[in-house]
**Q** 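Sharing a structure below in structure tokens format, with a few things to ask.
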Amino acid sequence: MKTFSELIKEKKINKSHSKEEIDYIVNSYTLGETQDDMMAKWLKAICENSMNFDETVNYTNSIINSGKRVLFDDCDGYVIDKHSTGGVGDKISLILGPILAACGCYVPMIVGRYLGHTGGTLDKLESIDGYNGHLELDRFQHIVKDVGISIIGQTKDICPADKKIYNLRDKTSTIKSFPLICGSIMGKKISEGIEGLVLDVKTGNGAFMDDVNEAKALGQHLSDIGLKFGLDVKYAVTDMSQPLGDYSGQLCEVIESMETLKGNGPNDILDVIYYLGEISLSMAGIDNSKDKINHVIDNGSAYEVLCKMISAHGGDLSKIKYEPKYIKEIKVAKSGYLNFNQTKEMGNSILALSGHQNVINNIHDSQSGFRLFKKHGSFVEENDVIGEMFCMNQSYLNDAIEIFKDSFDVVNQKPNLYKLIYN
Ligand code: URA
């Protein structure tokens, strides 16, 4: 058997790994036999030279086999999940998950934490006092069957390899790689025991895949991997060239999700919900998706599902309140059109609100975030307030505002507007 160093050297000259070699790489790191520095070198070699389709299937398989697989054979409805490749203000899972459950589907959802500049669904949920996102598997299964949905993170039981590698990828800037993204996403999803998966592949200046064609290729690659494991995967490519909805951050996104489920959602969120909802419900054999979605929003059942799930995870609904200590307006220095061209920096400004060191240790200020009053392409006058940032620690606020201000321009000519949905 080759040593870890030999395998890194081989990847650096673009040699493919065998199944046994990939198992060794993933297992030895997960078990602590290989240290971070060596694994980081291997991850860098993958970012440079990639893995072919068979290697990616084997890598996904190793991630799955690092933990257990959940089974939902005895459910009387379609077992489905939705996953996004990540963005800023992307709270669609928190809204669509309960909608699908209210329509009769079962939604076991294993999610990630923040990665790079993108927000993590688990961090948002953990901003709710008491929310436990690391349940034992039988409790997870019980909540899915009882409430219709449960959202947890990778655990010691499910995809422990992804949990560890995901953290290291974040710290070593080895995120943007097709096979690593595929193994991470599909590993978690295949382990959940679902029948169908809807992927929201984000594109634009706030996504890992800026280019639409690259995003489509990733969607196809993820679907092909899913098929190899008997999973029905459909993907959509949607925009992440500006934050989705009005709020981006932690608890503020949970509140915006709840408001959307109460019928007060912003148009961009609703458009994505209807689009992904149609794909998901048709996979479940349910037609007239828009009417069904409106019905479960209007009769309050989707909202009730989200509240029940939060309570089942120990979350205290009475503490879901927007009460940041510090709020600062974001003003523009001149008149013109807003040009949101660096949404990644907007995401980084949210992380700055919690302080860099804290973010590395997965500690987020639950009250941190920003609200935007204007979208890309809006006309603004000098000194107009286009949004506000908020948090609990004043010393982080000024830095975060500066990062945010560098994330957009005000231009004289109206910029091209971004398309929200690509396929
Ligand atoms: N989401 C994940 O779960 N993993 C990735 O690698 C990227 C986005």
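Read the numbers this way: they start at 1 and go in the same order the structure lists the ligands and their atoms.
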**Q** Has Ser184 got any heavy atom lying under 4.0 angstrom from an atom of ligand 1?
**A** yes
**Q** Which atoms of ligand 1 sit under 4.0 Å from any heavy atom of Lys188?
**A**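 With Lys188 as reference, the close atoms of ligand 1 come out as 2 (C), 3 (O), 4 (N).
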**Q** Quick one: which ligand 1 atoms are inside 4.0 Å of a heavy atom on Thr85?
**A** 8 (C)
**Q** Within ligand 1, which atoms have a heavy atom of Tyr166 less than 4.0 Å away?
**A**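 Counting from 1, the qualifying ligand atoms are 2 (C), 3 (O), 4 (N).
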**Q** May I ask you to decide if Thr3's main-chain N or O and Glu6's side chain share a donor-acceptor pair within less than 3.5 Å?
**A**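 Such a contact is found between Glu6 side chain and Thr3 backbone.
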**Q** Need the ligand 1 atom indices (1-based, order shown) with element for anything under 4.0 Å from a heavy-atom of His83.
**A**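 That gives atoms 1 (N), 2 (C), 3 (O) of ligand 1.
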**Q** Relative to each other, are the rings of Phe178 and His221 parallel, tilted or perpendicular (30° and 60° limits)?
**A**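 Aromatic pair Phe178/His221 classed tilted.
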**Q** Record the part of Leu115 in heavy-atom contact with ligand 1 below 4.0 Å; permitted values are side chain, backbone, both and neither.
**A** side chain
**Q** Atom CD of residue position Glu278 - does it have more than 12 heavy atoms of other residues, nucleotides or ligands inside 6.0 Å?
**A** no
**Q** How are the rings of Tyr131 and His313 set relative to one another: parallel (under 30°), tilted (30 to 60°) or perpendicular (over 60°)?
**A** parallel
**Q** Could you tell me how the ring of Tyr59 sits relative to the ring of Trp42: parallel (under 30°), tilted (30 to 60°) or perpendicular (over 60°)?
**A** tilted
**Q** Given the ring of Phe208, does Lys176 sit roughly above its face, with NZ or CZ under 6.0 Å from the centre of the six-membered ring and within 45° of the axis?
**A** no
**Q** If you measure every N/O of Ser84 against every N/O of ligand 1, is any gap under 3.5 Å?
**A** no
